[in-house]
Amino acid sequence: MSLRSTGHGLHLLAAYRALARQLEEAEGVGVRGRAPGSGGKQLTPLPDALWAEIGPRLTRIQELGQAIARRHAEESMRQEEVRQPLSATLRWMSLLLRHLEETIEDLDPEVISRKFGPFQEEDELERLKAERDAMRLELANAQSALDTWREAHTKRL
């Protein structure tokens, strides 16, 4: 029976993935001063001396978690370590750009005004509209660049 097909192995691999994400967030807070989550707030990073005490311990936790996952789901761990082809990266980028498009639409000042009332500043509606339109244009240009590159290189992928 394959190590990755066991319930234990799959559970321990999933737990390791969650552990790794949490450790990345901890490093983001401690070293870069970035709160977890979307648009994480700016924080003051930990003092170097304190991170020097905490960081190695978190690294050790990561190493132990990885060892457990490898022992119980070695085949799955190997598959995760194989770099996916550029075509997968292009699909992910396309998906993320579509999500970004949806998020930019949430900045529609007219919808915001209908929901929450008019903005206090007279020119804010027009200013926000112009900024949202500028974001749309930048995103359209990014999407166009991605599509153009993909079309030019499709035969090589």
Side-chain angles (χ1 to χ4, degrees), residues 2-5 9-46 48 51 55-56 58-59 61-63 65-116 119 121 123-157:
S2 167
L3 289 175
R4 77 174 215 178
S5 66
L10 293 174
H11 176 83
L12 291 167
L13 180 59
Y16 168 69
R17 288 178 186 148
L19 178 76
R21 278 190 305 276
Q22 291 168 358
L23 290 168
E24 283 178 22
E25 289 177 345
E27 182 178 3
V29 168
V31 176
R32 292 182 296 282
R34 180 61 104 180
S38 63
K41 294 182 180 189
Q42 293 290 324
L43 305 170
T44 301
L46 293 177
D48 291 342
W51 184 252
L58 298 182
T59 298
I61 291 170
Q62 168 115 17
E63 291 167 352
Q66 187 176 46
I68 292 168
R70 280 195 189 288
R71 193 168 61 246
H72 291 274
E74 184 176 5
E75 183 180 329
S76 294
M77 289 287 290
R78 270 197 313 272
Q79 289 174 353
E80 285 185 357
E81 293 169 352
V82 173
R83 188 177 295 259
Q84 297 298 305
L86 180 58
S87 59
T89 306
L90 295 171
R91 281 192 303 273
W92 272 107
M93 183 58 73
S94 182
L95 177 67
L96 291 170
L97 292 178
R98 281 194 301 267
H99 285 245
L100 192 53
E101 184 175 16
E102 294 167 7
T103 301
I104 289 172
E105 288 310 308
D106 288 342
L107 298 174
D108 185 330
E110 292 170 359
V111 171
I112 295 170
S113 292
R114 282 194 302 273
K115 269 185 169 174
F116 303 105
F119 288 95
E121 300 82 13
D123 65 338
E124 187 58 26
L125 186 111
E126 291 306 315
R127 184 177 177 190
L128 186 53
K129 205 182 280 187
E131 292 166 335
R132 190 230 21 224
D133 290 346
M135 286 183 210
R136 281 177 167 168
L137 180 60
E138 294 296 342
L139 180 59
N141 289 336
Q143 288 171 323
S144 177
L146 182 66
D147 293 342
T148 300
W149 193 94
R150 181 183 282 151
E151 288 172 19
H153 296 85
T154 299
K155 292 177 183 171
R156 292 186 228 164
L157 299 177

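- Contact detail for I112 and L128: the closest heavy-atom pair is CD1-CD2, 4.2 Å.
- At least one donor-acceptor pair closer than 3.5 Å links the side chain of T59 to the backbone N or O of G55.
- Note that OG1 of T44 is 9.5 Å distant from CD of Q42, once rounded to the nearest 0.5 Å.
- Contacts classified as salt bridge (Lys or Arg N to Asp or Glu O under 4.0 Å) and involving residues 139-148 (residues at least two apart or in different chains) are not found.
- Shown here are the salt bridge (Lys or Arg N to Asp or Glu O under 4.0 Å) partners of R127, two or more places apart in sequence or in another chain: E131.
- More than 12 heavy atoms of other shown residues, nucleotides or ligands fall within 6.0 angstrom of atom CG in D123.
- If you take OG on S144 and CG on L97, they are separated by 11.5 Å, rounding to the nearest 0.5 Å.
- Residues W51 and P56 come closest through the heavy atom pair O-CD, 3.7 Å.
- Side chain of S94 to main chain of L90: no donor-acceptor pair is present (N/O by atom type, distance under 3.5 Å, no hydrogens or angles).
- Of all heavy-atom pairs spanning Y16 and G65, the tightest one is CD1-C, 3.4 Å.
- Annotation: salt bridge (Lys or Arg N to Asp or Glu O under 4.0 Å) contacts of E126 (sequence neighbours excluded): K129.
- Rounded to the nearest 0.5 angstrom, E63 CD and L58 CG are separated by 11.0 Å.
- The two residues L13 and S76 make their nearest non-hydrogen contact at CD2-CB, 3.3 Å.
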Pair up each side-chain donor or acceptor in residues 19-30 with any protein partner under 3.5 Å, not counting sequence neighbours, and list the distances.
none

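- Here OG of S87 is found 14.0 Å from NE2 of H153. Values are rounded to the nearest 0.5 Å.
- Here salt bridge (Lys or Arg N to Asp or Glu O under 4.0 Å) pairs that include residues 99-109, with residues two or more places apart or in two chains, are E105-R136, D108-R132.
- Residues meeting the side-chain contact (heavy atoms from CB on, under 4.5 Å) test with R114, sequence neighbours left out: E110, V111.
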